[in-house]
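Scroll down for the structure; my scribbles are underneath it.
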Amino acid sequence: MAEELSFPTGIGTSSADRITLLGQDLAADLMGKVGFGELAFWLVAGRRPGPGETRVFEAVLVALADHGFTPTAIAARVTYASAPEALQGALAAGLLGGGSRFLGVTEDCGVFLHAVLSGLDTHPGDDAGWDAVAAGAIAAQRAAGKLVPGLGHPVHKVQDPRTPVLIRIAAEEGVRGPHLRLFEAIGRAHPAVLGRTLPLNGAGVCGAALADLGLPVTLLRGFALLARAAGLLGHLAEEQRTGLGLSIYRTVDRNARYVTPE
C-alpha cells in the first residue's frame, strides 16, 4: 500500500464554504475584529498578542515603513518605470534591497543583543550593571573588527527621533525588557569605549523591541520588510502620478562617464 502523504500546518486551510486561519474562522472571527499588525504578530508567534504588545509591534511597523529616497525606494521606482505592467516586480525589487545597510539592521541588532544576553548567567539589576555588560560587548566587537549593530546613522547624527519614542512606548506598556535595556546601555557606554558618540538608530531599537516581545530574532528582518512594503507601495502610488523614476534614470544616464578599462 502506498504511503499516505501528509503536509501538516497550523497556519490556515480552506474548504468550499469556510476559511480557517490560526484555528479561527477568518470571516466570522477575524475580519473586522483583528488588526493587520495583530494578525502578523499572531501568525509568527503562534499566540495572540496583548494590547500593549500590539501597540509596540505596530509602532515598530510605523517606524520602519519609510525613510525617504533610500536605495530600496529608488530600486522600486526605477523598476516600475521600466516595467509598469509588473507592480509586483517593482515592489519585489525594493524589498530585495533590504540588507545589512538598510532594513537588515533590525535583525542584526536583535541577533547581536540576544547573543550577548545568552552569555549572561543573570541579568543586571541596575543601569551600572547593564553599562558594564554593554561596554564588554562593544569592546569585543571592536576587537573583532566589527561594528555594533544599531549604533550610528547616516542621516541622524545626534539622535534618531524614533529611538526615544519606541523606548517610551515599550516602557508604558510594560514590555521594556532585557534587549531594550542592553540597547540603551550601549548608548550610554559606547563613547568611553569607542572614543566618540553615536546615536542609537531606529532600526536597531526596533530589533531590540521586537526581541523583547519574544519574536524569533532570525525573523526580525521579515518584519522590517513587512513594514517597508507599505512604504514602497506608497512610493509606487506616487510614481504612477509623477513618473519620477524615469527622471532618475535620465539623470544618471546623462551624467554617466565612460572610462576606458586599463
Qualifying salt bridge (charged side-chain N to carboxylate O under 4.0 Å, His left out) pairs, either residue in [range], two or more places apart:
range	answer
residues 7-20	R18-D25
residues 29-42	E38-R48
residues 217-232	D108-R221

With a 4.5 Å cut-off on side-chain heavy atoms, are [Y] and [X] touching?
X	Y	value
V60	T106	no
L182	F112	no
R176	I169	no

Show me, pair by pair, the donor-acceptor contacts under 3.5 angstrom made by side chains of residues 247-260, not counting sequence neighbours?
from	atom 1	to	atom 2	distance (Å)
T251	OG1	S247	O	2.8
N255	ND2	T251	O	2.7

Check your understanding: Can you list every ring pair (Phe, Tyr, Trp, His ring centres under 6.0 Å) pair that touches residues 195-247, not counting sequence neighbours?
Key ->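 Of all non-adjacent pairs touching residues 195-247, those that pass ring pair (Phe, Tyr, Trp, His ring centres under 6.0 Å) are F57-F223, F69-H235.
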If I compare all heavy atoms of [X] with all of [Y], which pair ends up nearest, and what's the gap?
X	Y	value
A76	L232	CB-CD2, 4.0 Å
R188	P191	O-CD, 3.5 Å
A81	G245	CB-C, 3.9 Å
G68	A73	O-CB, 3.6 Å
V175	E53	CG1-CG, 4.3 Å
A170	V56	CA-CG2, 3.8 Å

Determine whether [X] and [Y] fall in the same hydrophobic cluster, where Ile, Leu, Val, Met, Phe, Trp and Tyr are linked whenever their side-chain heavy atoms lie under 4.5 Å apart.
X	Y	result
I74	L95	no
V111	L113	yes
V105	V165	no
V62	L166	no
V44	L220	yes

Within this structure, what is the [atom1]-[atom2] distance for the pair [X] and [Y], rounded to the nearest 0.5 Å?
X	Y	atom1	atom2	result
D66	L233	CG	CG	11.5 Å
L219	L225	CG	CG	11.0 Å
L22	I11	CG	CD1	6.0 Å
Q240	L87	CD	CG	7.0 Å

Which residues satisfy the side chain to side chain donor-acceptor pair (under 3.5 Å) test with [X], sequence neighbours excluded?
X	answer
E238	R77
Q24	none
D127	R181

Contacts table for residues 198-215: side-chain donor-acceptor under 3.5 angstrom, sequence neighbours left out:
from	atom 1	to	atom 2	distance (Å)
N201	OD1	A203	N	3.3
N201	OD1	G204	N	2.7
N201	ND2	G150	O	3.3
N201	ND2	G152	O	2.8
D212	OD1	H179	N	2.9
D212	OD1	H179	ND1	2.8
D212	OD2	G177	N	2.8
D212	OD2	L180	N	3.0

Point to revise | Flag if over 12 foreign heavy atoms under 6.0 Å of CD, E262 | key: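 No, the 6.0 Å shell around CD holds no more than 12 heavy atoms from other groups.
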Practice item. Mark yes when over 12 heavy atoms from residues, nucleotides or ligands other than I19 sit less than 6.0 Å from its CD1; otherwise mark no. Key: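 Open.
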Review point. Of the options L151, D131, V148, which is the one that meets H190 in a side-chain contact (heavy atoms from CB on, under 4.5 Å)?
Key: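 Option passing the side-chain contact (heavy atoms from CB on, under 4.5 Å) with H190: L151.
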Exercise for review: Would you sort out whether L226 and F36 count as a side-chain contact (heavy atoms from CB on, under 4.5 Å), showing the intermediate values?
Suggested key: CA-CA 11 Å; L226 175 66; F36 181 70; 3.9 Å; yes
Review point. Side chain to side chain donor-acceptor pair (under 3.5 Å): which pairs involve residues 147-173, sequence neighbours left out?
Key: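 Sorted result for residues 147-173: R55-E172, R55-E173, H67-H156, D160-R162, R168-E172.
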In residues 115-126, what donor-acceptor pairs under 3.5 Å come from side-chain atoms, sequence neighbours left out?
from	atom 1	to	atom 2	distance (Å)
S118	OG	H114	O	2.8
D126	OD1	A128	N	3.4
D126	OD1	G129	N	2.8

Could you pull out every donor-acceptor pair under 3.5 Å between side chains of residues 136-147 and any protein atom, sequence neighbours left out?
from	atom 1	to	atom 2	distance (Å)
Q141	NE2	L147	O	2.8
R142	NH1	V193	O	2.5

